[in-house]
Amino acid sequence: MKKLGTKCLQAGYTPKNGEARVTPIVQSTTFFYETPEEMADLFDLKKSGYFYTRIGNPTNNVYEERLTALEGGVASLATSSGMAATTLAVLNVCEAGSNILSLSAIYGGTYNLFNVTLRRLGIDCRFFTPSATEKEIEALIDKNTKLIFAESLANPAITVPDFEMIAKICKKHGILFMVDNTLTTPIICRPFEWGANVIVHASTKYLDGHATSVGGAIVDGGNFNFLGNKRYPLFNEPDNSYHGLVFARDCGNMAFAIRARVIGMRDIGAQMAPQNAFLTCLGMETLHLRMPRHSENALAVAEVLKGHKAVEWVKYAGLPSDEYYPLAKKYFDNAYASGMIAFGIKGGIPSASKFQRALKLLAIVTHIADSRSSVLHPASTTHRQLSKEDLKKAGIPENLVRLSIGIEDKEDIIADILQALNESQK
Ligand SMILES: *Cc1c(COP(=O)(O)O)cnc(C)c1O
């Protein structure tokens, strides 16, 4: 299996003679063994196998292997949400006294995790803006820096990171490069090809694609050498809960994914429900058809918005005039930039409200990356916990309206947006 579309449909599950053609839902917390010794070996990681769904489940495993294949990684861990994926991934390398670096233009929930919750646990986050230079980023690094975090396409700032520049910094200092690939998905962008070491996903968005299941994943690129790297004592010191196991030494190139599962998931939980893994796998079967359609529809909408009299500015990385187009062209297949558009509506918050109320086809929902088109005004919803100053830092002006363009016929989407823009100025 070489091509992405084939992987979307077939990776992770090959039925044996007489077995179900479709991934079965193994809705069981527990797994049966004939002897206590076999069970003990599983607990000690001497053998691999299922014993409790918090640690692993066959349906979740199909989802994990499909995503691993699509991203070109070595192993994945299914999580209950995108936030759980990022939390477990960061805690896999950090403890009190550690720090991380992150682009400031990121998803609102992740911003709060980094800026508030992790700080309370003694993990400092040093933010840098999308325009920060190599030197400015390097100046934030010290001996306790564990990772640099970026979103492949920032939600909702619609910025694209310079993967190669960040990867170069990470390589030079022996730091892990972590990318949230939610909005581009491996159909458009494969961050491991550009130097990322760990990918996190909110499968809640395009991977599912039908708005049925909240979920996430951590994908291990298997391309980071923890062994002997002094930044990572958690990977180099013996772990007493597994009889002195040293993850960097004993788990090969899957050390990150294995530790996230047998320590992070074991202690914190936040596993995916098998039913949700099934639905997400079903969604992934059409990912390679949906992402180009989302991108083509969104480009058509962005072109209409650009130059419209009720629109002050448009951000869509697939638009050739966009500031981030050169990076999209470099890192995204066909410069496809997904269905996410941000634009500034003339008249600020009151016009944003009128615009949303006038829409008929596009729904007002918190969700994005659904097959159906939707709209959101971040400053009054997802990002309302942020202060005016933090909104600015996150690249979210008050008049920013976020569109998540679906896979309906673009003529209908455009007609709805045009009539609502008209209403917004009355
Ligand atoms: C939605 C989202 C998340 C969080 O995912 P949940 O499944 O809602 O927890 C993380 N990152 C990005 C880019 C997102 O859009």
Side-chain angles (χ1 to χ4, degrees), residues 80-87 102-117 127 151 153-159 180 182-183 201-206 208-216 294 298 301-302 305 310-316 338-406 413 416-417 420-421 423-425:
S80 58
S81 69
M83 289 312 303
T86 304
T87 303
S102 173
L103 263 158
S104 54
I106 49 172
Y107 175 68
T110 308
Y111 189 89
N112 271 313
L113 170 68
F114 290 175
N115 196 42
V116 181
T117 302
F127 290 104
E151 285 177 7
L153 181 66
N155 174 11
I158 321 287
T159 56
D180 180 334
T182 297
L183 290 193
H201 271 283
S203 60
T204 318
K205 311 295 169 52
Y206 287 120
D208 166 6
H210 300 75
T212 69
S213 311
V214 175
H294 278 291
V301 170
L305 289 172
V311 174
E312 286 186 353
W313 49 265
V314 182
K315 282 189 188 177
Y316 182 65
S338 87
M340 302 301 307
I341 301 175
F343 73 95
I345 195 156
K346 205 167 270 175
I349 291 176
S351 298
S353 171
K354 281 188 222 166
F355 173 73
Q356 291 177 86
R357 270 186 272 137
L359 288 165
K360 295 185 178 78
L361 192 77
L362 280 78
I364 305 171
V365 293
T366 312
H367 192 55
I368 52 157
D370 182 338
S371 302
R372 288 148 294 216
S373 296
S374 59
V375 64
L376 188 85
H377 181 234
S380 61
T381 53
T382 46
H383 287 64
R384 62 180 298 127
Q385 283 98 340
L386 270 63
S387 67
K388 264 196 175 155
E389 200 171 286
D390 285 343
L391 275 176
K392 215 173 183 183
K393 265 196 255 166
I396 302 158
E398 281 185 338
N399 70 345
L400 184 151
V401 176
R402 184 180 69 183
L403 298 177
S404 172
I405 300 301
I413 301 170
D416 192 37
I417 290 172
L421 280 175
E423 290 299 315
S424 76
Q425 303 301 305

Under the side-chain contact (heavy atoms from CB on, under 4.5 Å) criterion, do Ile158 and Leu400 qualify, and how do the steps go? CA-CA 11 Å; Ile158 321 287; Leu400 184 151; over 6 Å; no

Is there a side-chain contact between [X] and [Y], using heavy atoms and a 4.5 Å cut-off?
{"X": "Tyr206", "Y": "His294", "value": "yes"}
{"X": "Leu421", "Y": "Val311", "value": "yes"}
{"X": "Ile345", "Y": "Ser424", "value": "yes"}
{"X": "Asn112", "Y": "Thr117", "value": "no"}
{"X": "Leu403", "Y": "Met340", "value": "no"}
{"X": "His210", "Y": "Asp370", "value": "no"}
{"X": "Lys205", "Y": "His367", "value": "yes"}
{"X": "Pro397", "Y": "Trp313", "value": "yes"}

Check the pair Thr381, Thr366 against side-chain contact (heavy atoms from CB on, under 4.5 Å), reporting the backbone distance first and the verdict last. CA-CA 8 Å; Thr381 53; Thr366 312; 5.9 Å; no

Polar side-chain atom of [X] near backbone of [Y] as donor-acceptor pair, under 3.5 Å:
{"X": "Asp208", "Y": "Ser203", "value": "no"}
{"X": "Thr204", "Y": "Gly215", "value": "yes"}
{"X": "Ser373", "Y": "Gly406", "value": "yes"}
{"X": "Gln425", "Y": "Lys346", "value": "yes"}

Euclidean distance, [Y] [atom2] relative to [X] [atom1], rounded to 0.5 Å:
{"X": "His377", "Y": "Ile349", "atom1": "NE2", "atom2": "CD1", "answer": "5.0 Å"}
{"X": "Ile368", "Y": "Ser374", "atom1": "CD1", "atom2": "OG", "answer": "8.0 Å"}
{"X": "Glu151", "Y": "Thr110", "atom1": "CD", "atom2": "OG1", "answer": "5.5 Å"}
{"X": "Lys360", "Y": "Asp416", "atom1": "NZ", "atom2": "CG", "answer": "7.0 Å"}
{"X": "Leu183", "Y": "Asn155", "atom1": "CG", "atom2": "CG", "answer": "5.0 Å"}
{"X": "Leu103", "Y": "Ile106", "atom1": "CG", "atom2": "CD1", "answer": "8.0 Å"}

Which pair of non-hydrogen atoms, one from [X] and one from [Y], has the smallest distance, and what is that distance?
{"X": "Ile405", "Y": "Ala298", "answer": "CG2-N, 3.8 Å"}
{"X": "Ile413", "Y": "Leu362", "answer": "CG2-CD1, 4.1 Å"}
{"X": "Ser81", "Y": "Val214", "answer": "CB-CG1, 3.6 Å"}
{"X": "Gly209", "Y": "Ser371", "answer": "O-OG, 2.7 Å"}
{"X": "Val375", "Y": "Phe355", "answer": "CG2-CE2, 4.0 Å"}
{"X": "Pro156", "Y": "Ala342", "answer": "O-CB, 3.7 Å"}

Centroid separation Phe127 to Tyr111 less than 6.0 Å: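 Here the rings of Tyr111 and Phe127 have centres that are less than 6.0 Å from each other.
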
What do you reckon, are the aromatic ring centroids of Phe114 and Tyr107 less than 6.0 Å apart?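 No.
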
Taking it one step at a time, do Glu312 and Asn399 satisfy side-chain contact (heavy atoms from CB on, under 4.5 Å)? CA-CA 9 Å; Glu312 286 186 353; Asn399 70 345; 3.1 Å; yes

Can Val301 and Ile341 be said to form a side-chain contact (heavy atoms from CB on, under 4.5 Å), step by step? CA-CA 9 Å; Val301 170; Ile341 301 175; 3.8 Å; yes

